[in-house]
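Data first, discussion second: the structure below is written as structure tokens.
As a basis for the values below, the full set of heavy atoms in this structure was taken, side chains included, without hydrogen atoms, waters or symmetry mates. Chain naming here is simple, since letters A, B, ... match the order of the sequence lines and numbering starts at 1 in each.
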Amino acid sequence: MALASTEALSFTYPGGGEPVLRDVSVSIEAGEAVALLGPSGSGKSTLLRALAGLVPHFHGGRFEGRVCVGGRDTRRHRPADLAGTVATLFQDPEDQLVFSQVDREVAFGLENVGTPPAEIGRRTLGALASAGAAHLSGRRLEEVSGGELQRVCLAAALALDPELLLLDEPSSQLDPESADVLERGLDTAGGRAVVVAEQRPQRILGLVDRVIFVEGGRVLLDAPVDAARAWLAAHRPAYLFSHTLDIPITGSDPVTSVCRFVHTSFAYRPEAPVLEDECLELRRGEVAVLTGPNGSGKTTVAKLAAGLLSPSEGVVERQGRAAYLAQDPGRYLITERAVDEVALGAGGDRRRARDALAQVGLHGFEERHPHDLSSGERERLALACVLVTEPDLLVLDEPTRGLDPERRDEIVALLRAEAARRATLVVTNDVVFADAVADRRIERRRPRKLEPALA
Amino acid sequence: MSPGPSAVLLAAVGAAALLAHRTISVAVIAAILLGLCLTAPRRRRWPYLLGALISAGAVFVITPFVETIGSHPIWNGPIVPVLGSIDITREEIAAATYQALRLASVTLAFAAYALLVDQDGLLASTRFGRRSALAVALGTRLLPTLERDASGMIEALRGRGVAVSGVRGHARLLSPLLAGSLERGVNLAEAMEARGFGRQGATRAPRPPWTVLDWLAVAAAPLLVAVGAVWL
């Protein structure tokens, strides 16, 4: 018998017109690692929530069909009762935190499922070690980076020793050096089954046994990984490789400097400098990509370039207008309609706002409330908000978070097509995106120095 | 000191300030609590101190206009329907100072609790009403979270060339901040349910036992309240 299965599952969120899942029948066997792929808003997260029992218990809505996990029908068992059998790592680690200290956060689930008190400490430390986060024991969560936070949340899920582990975009905040987190999460030793929804499939296809591809709420593919690769190559090639590597930039003036860091230093606290006497030049007509490990100060460089921070020593010179797209911009949308949100940066000009929305593939979303959009759609809305300002320097901090590969390629094409008009600095951990969009790579390493990697 | 006794002691100090009769006594308590709050990191303490200042300042300003006590006028204002004569007397100023200091003491005691007491430890040591304790602990985190979200929002708008200035500019952020905190709350509730919160038979990780200082603090708390009510 399958460890988990859905039978003819259809689901519509309360107030939502269209079903998010339509007639989905899948089964997950013990010891199996399954990748769940598909475009933004295709129903991947909802399917994970159904397997955790959160749909329909937590969300309400219209639920048809049947979901069984560990022999239990999720309609008759609440998610809290399934905890321990199932554990979920949600998309945004910050929204999962109950406590402010690492060990207590990991122990929370263990306490809830009734683990004997004498075992809690040992299992907490064991889970932290399994997630590669043993060094974080005793730390406060506000002191750890986004990637480390992801490890803590993974530890909290692993601590329960679940039979079924559900991972919702676990790599969205991870730098390439933290790829081991994925491997740790996808470890099926001991018969654990893992289902991972992912927008960066290149990272996980080598780690899973099977691929389920969802689109429009329907399962289009459910096949072993080799067969899935062939299907993806034929039908969804963007999931395997980027097609936009060779988009030339025309009409550019690559010698015009738009932004220069001149012996720049910066520190949030005097005892911990982030930049020390560093130089960097960003030129009109090129897309520079800044990469490096979590916590190495990439965002600080981006904010300095955009003028949102002032250097403590040295200067940052800018020519013209700068625009900055923050990490997780969906949190910072303030109006009630997408078109109004974009128009804010265009002096209220709705025509320009509509054009900018169309540019990022959001034509038809003008009247939608920003908070009703999926995370990928919010990311594109936020991109439209900065593009509409027609900046001379465009600074994008992790612009592909939540974007599916096809949308990511559209953003690459857009940035390349627009690159001649401005200097573009992109901060990203998405190596495929970086390869596709970059004219120049800037690698940020520890110790914290900017080093040109490619000319 | 353990978080439980710390919270009890702070509550006792706040209660003593409320029960004290002399303005000077309340002022001393407020000053001690202010000093305590100033030991917290600057970045975290300012919203709490600003809140305490604004609320106490508002009480100080409004009280003389709504009280009608004293016979030593400092300022004779107009007669307003319903409120009567808007005079300010020396006694009303004294009463306003007393009330403002009492409110400041209570808000500063809460600020010290929010800034300096280990909320996780307090929650972990709660032997009953764990759900209520969790709600309080999460509620205490709301203010710094909102402050961080507001900073992020202002920065994101600046990044789009939209300046946020003046009361109206900042007021425009209130609704999205509220919406964001509600969304965050829903996400957290979902994550907690998925981690088994509310299930029967929950256990608790072992906690370190109280020290002598902890027991002394708990014993001192009722004494402080009594002293506030009788002698201060």
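Heavy-atom distances place the backbone of A/L110, and not its side chain, under 4.5 Å from chain B. Both the backbone and the side chain of A/F99 come within less than 4.5 Å of a heavy atom of chain B. No part of B/L177 comes within reach of chain A, as not one of its non-hydrogen atoms sits under 4.5 angstrom from that chain. Only the side chain of A/L54 comes within contact range of chain B, with at least one heavy atom under 4.5 Å from a heavy atom of that chain. Looking at A/H59, only its side chain comes within 4.5 Å of chain B, counting heavy atoms on both sides. Both the backbone and the side chain of A/A323 come within contact range of chain B, with heavy atoms under 4.5 Å apart. Of the atoms belonging to A/S100, heavy atoms from both backbone and side chain fall under 4.5 Å from chain B. Both the backbone and the side chain of A/E105 come within contact range of chain B, each with at least one heavy atom under 4.5 Å from a heavy atom of that chain. Using a 4.5 Å cut-off between heavy atoms, A/E390 makes no contact with chain B at all.
Of the possible donor and acceptor atoms, one in the side chain of B/R199 sits under 3.5 Å from a partner among the backbone N and O of A/A80. Side-chain atoms of A/T74 do not come within 3.5 Å of backbone N or O of A/G53 as any donor-acceptor pair. A side-chain donor-acceptor contact under 3.5 Å links A/N112 to the backbone of B/R195. Side-chain atoms of B/R45 never come within 3.5 Å of backbone atoms of B/C37 as a donor-acceptor pair (strictly under, hydrogens ignored). Between the side chain of A/D340 and the backbone N or O of A/T335, no donor-acceptor pair lies under 3.5 Å. Side-chain atoms of A/T115 never come within 3.5 Å of backbone atoms of A/E111 as a donor-acceptor pair (strictly under, hydrogens ignored).
Contact annotation: the side chain of A/E379 approaches that of A/L325 to within less than 4.5 Å [non-hydrogen atoms, C-beta and beyond].
Around CZ of B/R172, the count of heavy atoms belonging to other residues, nucleotides or ligands within 6.0 Å does not exceed 12.
For the options B/G198, B/G152, B/G161, heavy-atom pairs under 4.5 Å to chain A are most numerous at B/G152. Among the candidates A/L97, A/L308, A/T389, A/V386, the residue making the largest number of heavy-atom pairs closer than 4.5 Å to chain B is A/L308. Counting heavy-atom pairs closer than 4.5 Å to chain B, the top-ranked of the candidates A/H57, A/R104, A/E119, A/R321 is A/R104.
Between atom OH of residue A/Y324 and atom CG of residue A/L304 there is a gap of 10.5 Å, rounded to the nearest 0.5 Å.
Within residues 184-194 of chain B, the residues having any heavy atom closer than 4.5 Å to a heavy atom of chain A are B/R184, B/V186, B/N187, B/L188, B/A189, B/E190, B/A191, B/M192, B/E193, B/A194, listed by residue number.
Taking a cutoff of 4.0 Å between a charged side-chain nitrogen and a carboxylate oxygen, A/D168 and A/R49 qualify as a salt bridge. A salt bridge links A/R378 with B/E183: the distance from a Lys NZ or Arg NE/NH1/NH2 to an Asp or Glu carboxylate oxygen falls below 4.0 Å.
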